[in-house]
There are 2 protein chains.
Amino acid sequence: MTSTAPSDAVLGPAPDPAPEEALTPAGERLLEAASALFYRRGIRAVGVDLIAETAGTTKKTLYDRFGSKDELVARYLRRRARVWRAFLRAGMSDAPLGPGRPAAVFDVLEAWLREQDRGCAFVNAYAEVGGTDHPAVAEIRAEKQWMLRYLVALVAEAGVPDADRVGTELHLLYEGATVLATAAGVVDAPARARAAALRVLAV
Amino acid sequence: MTSTAPSDAVLGPAPDPAPEEALTPAGERLLEAASALFYRRGIRAVGVDLIAETAGTTKKTLYDRFGSKDELVARYLRRRARVWRAFLRAGMSDAPLGPGRPAAVFDVLEAWLREQDRGCAFVNAYAEVGGTDHPAVAEIRAEKQWMLRYLVALVAEAGVPDADRVGTELHLLYEGATVLATAAGVVDAPARARAAALRVLAV
DNA sequence: ACGTAACCACACCGGTCGGTATACTCGCAG
DNA sequence: CTGCGAGTATACCGACCGGTGTGGTTACGT
């Protein structure tokens with residue numbers, strides 16, 4: 001593809017596809033309403049009655065489309081991963097090439113967190129379903145793994161040596177920045193992480 | 001005091017006291033049961049009936065002692081902060097002096113996470129109550145701020161320049177390691193963070 | 001003309017939620 | 001001896017939980 005994303009050669013068989021099964025109009029409204037509510041208030045705090053009402057439809061339709069609340073939660077996370085990846089790739093297309101390029105991820109993160117003030121939906125979801133066999137657990141693991149792979153590939157393409165180690169360290173900074181910006185209210189956490197990233201990249 | 005903890009001179013008026021109001025025996029059992037259940041399963045997933053039953057007492061006693069579930073949650077977090085700080089200080093007493101000393105925090109974190117497999121109780125709690133006026137929010141903010149101050153003081157005492165900036169970067173790595181070790185299942189995240197910390201400390 | 005997928009309105013289910021009320025027993029300090 | 005704080009046992013409250021069932025209305029493809 002283009003230089004705006006790590007290549008498949010580095011990433012291995014792109015673990016991204018899964019073309020998102022189509023939804024009926026009411027199903028779409030339900031997923032939209034559920035996503036907003038789950039993210040803002042948490043999963044267990046939101047009942048299926050509220051979701052159906054917000055979507056302007058009924059519980060019957062919700063269960064016809066998604067089967068269970070748990071599956072709806074998994075769908076919510078799967079879609080959110082797709083949205084974040086699109087946002088990230090779009091933001092990275094502006095970033096200049098060179099060894100400092102991976103640090104641009106933190107600029108994208110900063111912009112993202114300006115709108116997404118409840119932090120990482122996956123970390124939040126894991127707080128509620130971790131340690132169970134909830135179908136969301138797999139989506140959470142997948143997202144974190146994807147992000148690590150993306151960062152490692154970015155570092156490798158930037159020509160920085162030791163891509164595996166450096167990519168992992170960027171991942172640590174990325175997660176730390178998200179958590180501190182949100183739970184601790186440290187608004188400049190992404191900027192701080194970006195500065196640290198440049199040092200880790202030895203630029 | 002001793003060299004096992006940042007001094008008050010660096011930390012400012014130690015924000016640690018609050019001697020923990022005493023509890024009756026039944027109250028103690030309730031808080032103990034609630035702590036274990038909240039941490040393992042999440043706050044909203046645990047009902048007051050289960051807490052009372054696990055503690056071998058009744059809901060009546062729970063509400064006599066704590067007034068509400070929300071207050072019990074806040075107490076749970078307040079106590080947990082105290083336990084973590086004691087664990088941290090005890091672990092740091094073994095760490096050698098010198099510019100690499102702050103990195104020992106990640107050894108302590110690794111040991112802590114070997115037993116605490118649901119990650120950071122404060123991050124998890126924030127996922128459930130963030131964005132509300134829940135009394136737990138203040139405890140969460142306080143814990144994160146305490147940890148930042150502790151790290152900055154550690155860095156300063158180790159004689160590393162730019163303590164404020166470096167302490168913040170260690171904080172990012174610390175939070176990142178906790179989140180990745182838990183939600184992403186990256187078991188060596190604390191070790192990776194420790195290595196990155198040494199580089200940030202320019203040792 | 002017929003089947004069917006999508007949707008809506010609404011009623012219903014057992015169970016659990018946080019929280020309150022009543023009534024009783026015990027040990028202890030005045 | 002009395003009063004009180006602590007605790008136990010149990011019943012109750014309205015609200016909400018996730019999930020199901022019934023019946024009826026459109027619109028569309030064959």
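Please read all numbers here as calculations on a predicted model, not as lab measurements. Chain identifiers are assigned alphabetically (A, B, ...) following the order of the sequence lines, protein sequences preceding nucleic acid strands; residue numbering begins at 1 within each chain.
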Starting from P on C:dT16, measure out to CD1 on B:Ile51 and report it in whole angstrom. 15 Å
Got a salt bridge between B:Glu71 and B:Arg75, using NZ or NE/NH1/NH2 to carboxylate O under 4.0 Å? no
Distance, rounded to the nearest Å, where B:Glu53 contributes CD and D:dT10 contributes P: 12 Å
Look at B:Arg78 together with B:Glu143 and state whether they make a salt bridge at an N to O cut-off of under 4.0 Å. no
Length of the line joining A:Glu28:CD and C:dC7:C1', which is rounded to integer Å: 16 Å
Side-chain (A:Asn124) to main-chain (A:Gly119) donor-acceptor, under 3.5 angstrom: no
Just the rounded figure in Å: distance from C1' of D:dC17 to CG of A:Leu72. 15 Å
Over how many whole Å does the gap from A:Asp64 atom CG to D:dG21 atom P extend? 11 Å
Ignoring backbone atoms, establish whether B:Thr57 has a side-chain N or O less than 4.0 Å from OP1 or OP2 of D:dG7. no
For A:Arg79 and A:Glu28, what are the C-alpha separation, side-chain angles and deciding distance, and is it a salt bridge (charged side-chain N to carboxylate O under 4.0 Å, His left out)? CA-CA 11 Å; A:Arg79 167 165 296 189; A:Glu28 189 64 39; 2.6 Å; yes
Please list, for nucleotides 4-6 of chain C, all pairs of protein and nucleotide N/O atoms separated by less than 3.5 Å.
none

A:Glu128 backbone acceptor or donor facing B:Glu128 side chain under 3.5 Å: no
First encountered from the 5' end of DNA chain D, between B:Gly27 and B:Asp49: B:Gly27
Between D:dT20 atom P and A:Leu62 atom CG, what is the distance in whole Å? 11 Å
Between B:Thr182 (side chain) and B:Thr178 (backbone), is there a donor-acceptor pair under 3.5 Å? yes
Side chain of A:Lys60 (C-beta onward), nearest among C:dG18, D:dG21, D:dT8: D:dG21
Under 4.0 Å between any heavy atoms, over every strand shown, what does A:Gly56 touch: base, sugar-phosphate, or nothing? Just pick one. sugar-phosphate
With the side chain defined as heavy atoms from C-beta on, B:Thr58 is closest, among C:dC8, D:dT20, D:dA9, to D:dA9
Rounded to the nearest angstrom, tell me the gap between atom OH in B:Tyr63 and atom C1' in C:dA21. 14 Å
Does this structure show an ion pair linking B:Asp117 with B:Arg40, if we count only N-O contacts that are shorter than 4.0 Å? yes
Report yes if a side-chain nitrogen or oxygen of A:Thr61 is closer than 4.0 Å to either non-bridging phosphate oxygen (OP1 or OP2) of C:dC8; otherwise report no. yes
Whole-Å gap separating C1' (C:dT16) and CD1 (B:Ile43): 18 Å
Counting any heavy atom closer than 4.0 Å, what does A:Arg29 reach on the DNA or RNA strands: base, sugar-phosphate only, or nothing? sugar-phosphate
